Amino acid sequence: MKTSHELIAILDFGSQYSQLIARRVRENSVYSRILPFNTTAAEIRKLSPKGIILSGGPSNVYDDKAPRCDKKIFELGVPVLGICYGMQLEAFLLDGQVEGSAHREYGKQELILNVKDSLLFKGFASKLVVWMSHGDKVIKLPKGFRTVGHSSNSAISAMENKGKKIFGLQFHPEVVHTPQGNQIIKNFLFTICKCAGDWTMESFIASQTEAIRKTVGGGKVVCGLSGGVDSSVASVLINKAIGKQLTCIFVNNGVLRKNEAEKVVATFRDNFGLNLVYADATDRFLEKLKGVEDPEKKRKIIGTEFIRVFEEEAKKIGQIDFLAQGTLYPDVIESVSATGGPSATIKSHHNVGGLPKDMKFKLIEPFRELFKDEVREIGRELNLPKEVIQRQPFPGPGLAVRILGEVTRERLAILREADDRVVAEVKKAGLYEKIWQSFAVLLPIKTVGVMGDERTYENVIAVRSVNSTDGMTADWTRLPYDLLETISNRIINEVKGVNRVVFDISSKPPSTIEWE
């Protein structure tokens with residue numbers, strides 16, 4: 001499918017930085033799309049890209065099972081930039097030579113430019129700091145190429161074929177450790193590929209609004225609204241496009257944070273005028289969770305019951321033509337395995353799989369092309385409250401997986417109040433938007449305490465705060481001692497049933513962000 005925006009196609013060879021490359025391109029207002037490494041030249045031609053980037057990767061290009069791209073992409077007449085493994089692959093496929101290096105080059109290195117007229121390094125001094133991460137190196141240039149730069153360990157650290165506009169970098173310009181890396185990317189996008197830089201969230205909103213109207217026509221759309229960033233922004237965008245043809249369903253599963261249901265209804269029904277169905281299913285969820293302590297059973301019960309409630313409410317609406325979701329780009333990118341083939345597994349959409357088979361709907365996923373920060377930017381453009389846009393991630397099973405042991409109304413009430421104090425104080429300290437997640441956990445133990453000269457035997461609250469970029473790895477946040485003291489004092493003094501607060505200093509891995 002040809003995109004309506006200028007496109008930079010990124011072929012993924014399994015690099016941990018592939019998504020980062022895509023983000024760097026988009027930060028320069030140019031649309032990028034990650035494709036499996038074995039996408040054919042014919043398929044790429046149909047996309048009419050302005051340029052192609054070959055990502056890095058963990059393989060050795062000379063191995064029989066190494067992932068390799070269609071050699072014909074170099075004949076498309078489109079500029080190509082190879083990064084690390086991508087550069088080695090260019091050399092290998094175009095009859096140069098690559099071999100293992102006796103000294104692996106990793107970390108910051110000095111790149112010395114051999115020439116002054118390379119468009120990729122336009123405006124650069126003769127030396128720059130770059131980030132290397134490789135064990136192989138190009139030892140013989142392909143025909144028509146020249147060496148643009150070298151390092152102390154590698155005689156060919158940057159190369160190019162000016163006539164065919166094929167460029168190779170042994171280092172990673174997309175990481176912050178290459179200080180001038182963004183300028184290199186800019187030179188590729190604007191000087192070499194002649195991109196206009198018209199990819200903005202304002203233009204995206206306009207194009208998506210029109211596309212949604214055209215797709216939906218006179219049909220009806222239903223959307224599950226959770227109050228999280230993705231579904232909230234999607235709901236407001238679709239409402240902007242088709243108004244009352246959209247019905248949003250908000251299910252209160254009984255394990256939400258303090259006053260969360262009321263806030264969602266007030267924000268989206270009252271302030272934005274969305275056609276919102278509020279289903280308070282607290283009683284049926286808590287009945288199903290009665291006596292259940294195993295975290296996986298909790299998750300399955302909540303997931304299954306959510307689908308049933310959503311299904312019941314959807315049937316009341318009548319004929320539904322489309323189901324809208326806040327699916328993001330990282331959810332649908334196909335990863336590339338080291339054994340030589342793109343993984344066919346795409347993250348499943350939890351609110352689709354269990355819907356009744358007789359519902360004849362099609363999916364509307366306006367954010368399939370976007371990263372989380374881009375969705376937040378759209379939220380700002382659509383004037384969503386800052387509290388919604390900057391909300392920290394919250395698990396689908398809610399507080400049920402932050403209560404270790406059985407979920408009861410009494411234990412939910414304790415955790416809600418404790419969690420409310422944690423979030424309030426983190427916000428007051430100006431740290432909420434700088435932290436990935438900060439929350440309270442109710443532990444399944446009681447400890448002895450002293451309050452007012454009397455012995456107590458009450459619950460323990462753990463405070464969890466982590467920094468992360470994507471949730472895959474996380475490090476515990478070094479919260480100031482005075483903030484921790486305030487949080488502890490407030491919880492113990494204000495939340496009945498708690499006499500001890502502890503702070504979790506575990507990172508992921510080996511621990512997980514959530515306790516269950």
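Both backbone and side-chain heavy atoms feed into the values below; hydrogens, waters and symmetry mates do not. For clarity, every value in this text was computed on a predicted model and none was experimentally measured.
- Figure legend: Arg402 and Phe439 shown as a cation-pi pair, the cationic atom lying under 6.0 angstrom from the six-membered ring centre and within 45 degrees of its axis.
- Side-chain atoms of Glu406 come within 3.5 Å of backbone atoms of Gly291 as a donor-acceptor pair (strictly under, hydrogens ignored).
- With a 4.5 Å cut-off on side-chain heavy atoms, Tyr31 and Leu7 count as touching.
- Looking only at side-chain heavy atoms (C-beta outward), Leu11 and Ile73 come within less than 4.5 Å of each other.
- A donor-acceptor pair under 3.5 Å links the side-chain atoms of Ser15 to the main chain of Tyr17, judged by distance alone.
- For Arg33 (side chain) and Ile10 (main-chain N/O), no donor-acceptor pair under 3.5 Å exists by modelled atom type.
- No donor-acceptor pair closer than 3.5 Å links the side chain of Trp436 to the backbone N or O of Ser468.
- Minimum heavy-atom separation, Ile53 to Val25: CD1-CG2, 4.1 Å.
- Remark: the backbone N or O of Gly405 is paired with a side-chain donor or acceptor of Lys298 at under 3.5 angstrom.
- Looking only at distances, no side-chain donor or acceptor of Glu494 sits under 3.5 Å from a matching main-chain atom of Ile491.
- Nearest heavy atom pair, residue Val229 against residue Val375, reads CG1-CG1, 4.2 Å.
- Across all their heavy atoms, Val221 and Ala324 have their closest contact at CG1-CB, 3.8 Å.
- Within 6.0 Å of NZ in Lys50 there are more than 12 heavy atoms belonging to other residues, nucleotides or ligands.
- Judged by distance alone, with hydrogens and angles left aside, the side-chain atoms of Asp12 form a donor-acceptor pair with the main-chain N or O of Gly14 at under 3.5 Å.
- Atom OG of residue Ser232 and atom CG of residue Leu382 lie 11.5 Å apart, to the nearest 0.5 angstrom.
- Taking the side chain as every heavy atom from C-beta outward, Arg23 and Asp373 approach each other to under 4.5 Å.
- In this structure, Arg368 fails the cation-pi test against Tyr329, since its NZ or CZ atom is not both closer than 6.0 Å to the six-membered ring centre and inside 45 degrees of the ring normal.
- The two atoms that bring Glu6 and Ala196 nearest to each other are OE1-N, 2.7 Å, heavy atoms only.
- A 4.5 Å side-chain heavy-atom check between Phe322 and Lys220 finds every atom pair outside the cut-off.
- The shortest heavy-atom contact between Ile8 and Cys195 is CD1-SG, 4.1 Å.
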- Message: With side-chain hydrogen bond (donor to acceptor under 3.5 Å, both in side chains) as the criterion, how do Thr477 and Ser465 come out once you've worked through the C-alpha distance, each side chain's angles and the decisive distance to 0.1 Å?
- Response: CA-CA 5 Å; Thr477 313; Ser465 183; 3.0 Å; yes
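- A salt bridge between Glu27 and Arg24 is present, with a side-chain N of the basic residue lying under 4.0 Å from a carboxylate O of the acidic one.
- Comment: Glu260 does not engage Lys263 in a salt bridge, judged by the lack of any side-chain N to carboxylate O separation of less than 4.0 angstrom.
- Side-chain N or O atoms of Asn493 include one that pairs as donor or acceptor with a backbone N or O of Asn489 at under 3.5 Å.
- Judged by distance alone, with hydrogens and angles left aside, the side-chain atoms of Glu425 form no donor-acceptor pair with the main-chain N or O of Val422 at under 3.5 Å.
- Within 6.0 Å of NZ in Lys300 there are 12 or fewer heavy atoms belonging to other residues, nucleotides or ligands.
- The side-chain heavy atoms of Ser59 and Tyr85, taken from C-beta on, include a pair separated by under 4.5 Å.
- Atom OG of residue Ser207 and atom CD of residue Glu369 lie 7.5 Å apart, to the nearest 0.5 angstrom.
- One distance of note links CZ of Arg376 with CE of Met201; it measures 14.5 Å at 0.5 Å rounding.
- A donor-acceptor distance shorter than 3.5 angstrom exists from the side chain of Thr512 to the backbone of Glu514, with no hydrogens or angles considered.
- At a threshold of 4.0 Å, the pair Arg380-Glu377 does not count as salt-bridged, since none of the basic side-chain nitrogens sits closer than that to a carboxylate oxygen.
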What pairs of donor and acceptor atoms, side-chain ones from residues 268-279 against any protein atom, are under 3.5 angstrom apart with sequence neighbours left out?
from   : atom 1 : to     : atom 2 : distance (Å)
Arg269 : NH2    : Leu276 : O      : 3.0
Asn275 : ND2    : Thr247 : OG1    : 3.1
Tyr278 : OH     : Asn252 : ND2    : 2.9

- Decide yes or no on side chain to side chain contact (heavy atoms under 4.5 Å, CB included) for Val309 and Arg284, but give the supporting numbers first. CA-CA 10 Å; Val309 175; Arg284 62 189 284 182; 3.6 Å; yes
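- Using modelled atom types and a 3.5 Å distance limit, the side chains of Thr200 and Ser29 yield no donor-acceptor pair.
- With rounding to the nearest 0.5 Å, the separation of CZ in Arg411 from CG in Asn459 is 6.5 Å.
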- Show the numbers, then the answer: is there a side chain to side chain contact (heavy atoms under 4.5 Å, CB included) between Lys508 and Asp475? CA-CA 6 Å; Lys508 176 185 179 181; Asp475 190 21; over 6 Å; no
- Item | Pair Glu417-Arg421, salt bridge (Lys or Arg N to Asp or Glu O under 4.0 Å): steps then yes or no | CA-CA 7 Å; Glu417 295 300 328; Arg421 271 68 176 178; 2.5 Å; yes
- Item | Full working for side chain to side chain contact (heavy atoms under 4.5 Å, CB included) between Val498 and Val460 | CA-CA 6 Å; Val498 178; Val460 179; over 6 Å; no
- Message: Test side chain to side chain contact (heavy atoms under 4.5 Å, CB included) on Thr39 and Asp70; report intermediate values, then the result.
- Response: CA-CA 7 Å; Thr39 304; Asp70 185 346; over 6 Å; no
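- Using modelled atom types and a 3.5 Å distance limit, the side chains of Glu485 and Ser488 yield no donor-acceptor pair.
- Between Val401 and Trp515 there is no side-chain heavy-atom pair separated by less than 4.5 Å.
- Side chains of Ile52 and Leu81 form no contact here, defined as non-hydrogen atoms less than 4.5 Å apart.
- Atom CD of Glu387 sits in a sparse spot, with 12 or fewer heavy atoms from other residues, nucleotides or ligands closer than 6.0 Å.
- Between Asp419 and Arg257 a salt bridge is recorded (basic side-chain N to carboxylate O distance below 4.0 Å).
- Put simply, OG on Ser55 and CG on Leu20 are 11.5 Å apart, with the number rounded to the nearest 0.5 Å.
- Atom-to-atom distance recorded for Thr408:OG1 and Ile403:CD1 is 6.5 Å, nearest 0.5 angstrom.
- A salt bridge links Lys386 with Glu433; the closest basic N to acidic carboxylate O contact falls under 4.0 Å.
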- Query: What's the verdict on side-chain hydrogen bond (donor to acceptor under 3.5 Å, both in side chains) for Gln437 and Gln392, showing C-alpha distance, side-chain angles and the deciding distance?
  - Reply: CA-CA 6 Å; Gln437 276 177 281; Gln392 294 178 354; over 6 Å; no
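- The salt bridge (Lys or Arg N to Asp or Glu O under 4.0 Å) contacts involving residues 271-283 comprise Asp283-Arg409, where partners must be two or more places apart or lie in separate chains.
- A salt bridge links Glu313 to Lys316: at least one charged side-chain nitrogen sits closer than 4.0 Å to a carboxylate oxygen.
- The two residues Gly254 and Leu286 come nearest to each other via the heavy atoms O-CD2, 4.3 Å.
- In this structure the side chain of Trp476 never reaches within 4.5 angstrom of the side chain of Asp504, judged on heavy atoms.
- The aromatic rings of Phe204 and Phe367 sit tilted, their planes meeting at an angle between 30° and 60°.
- Ion pairing of Glu312 with Arg308 is absent here, as no side-chain N (NZ or NE/NH1/NH2) approaches a carboxylate O to less than 4.0 Å.
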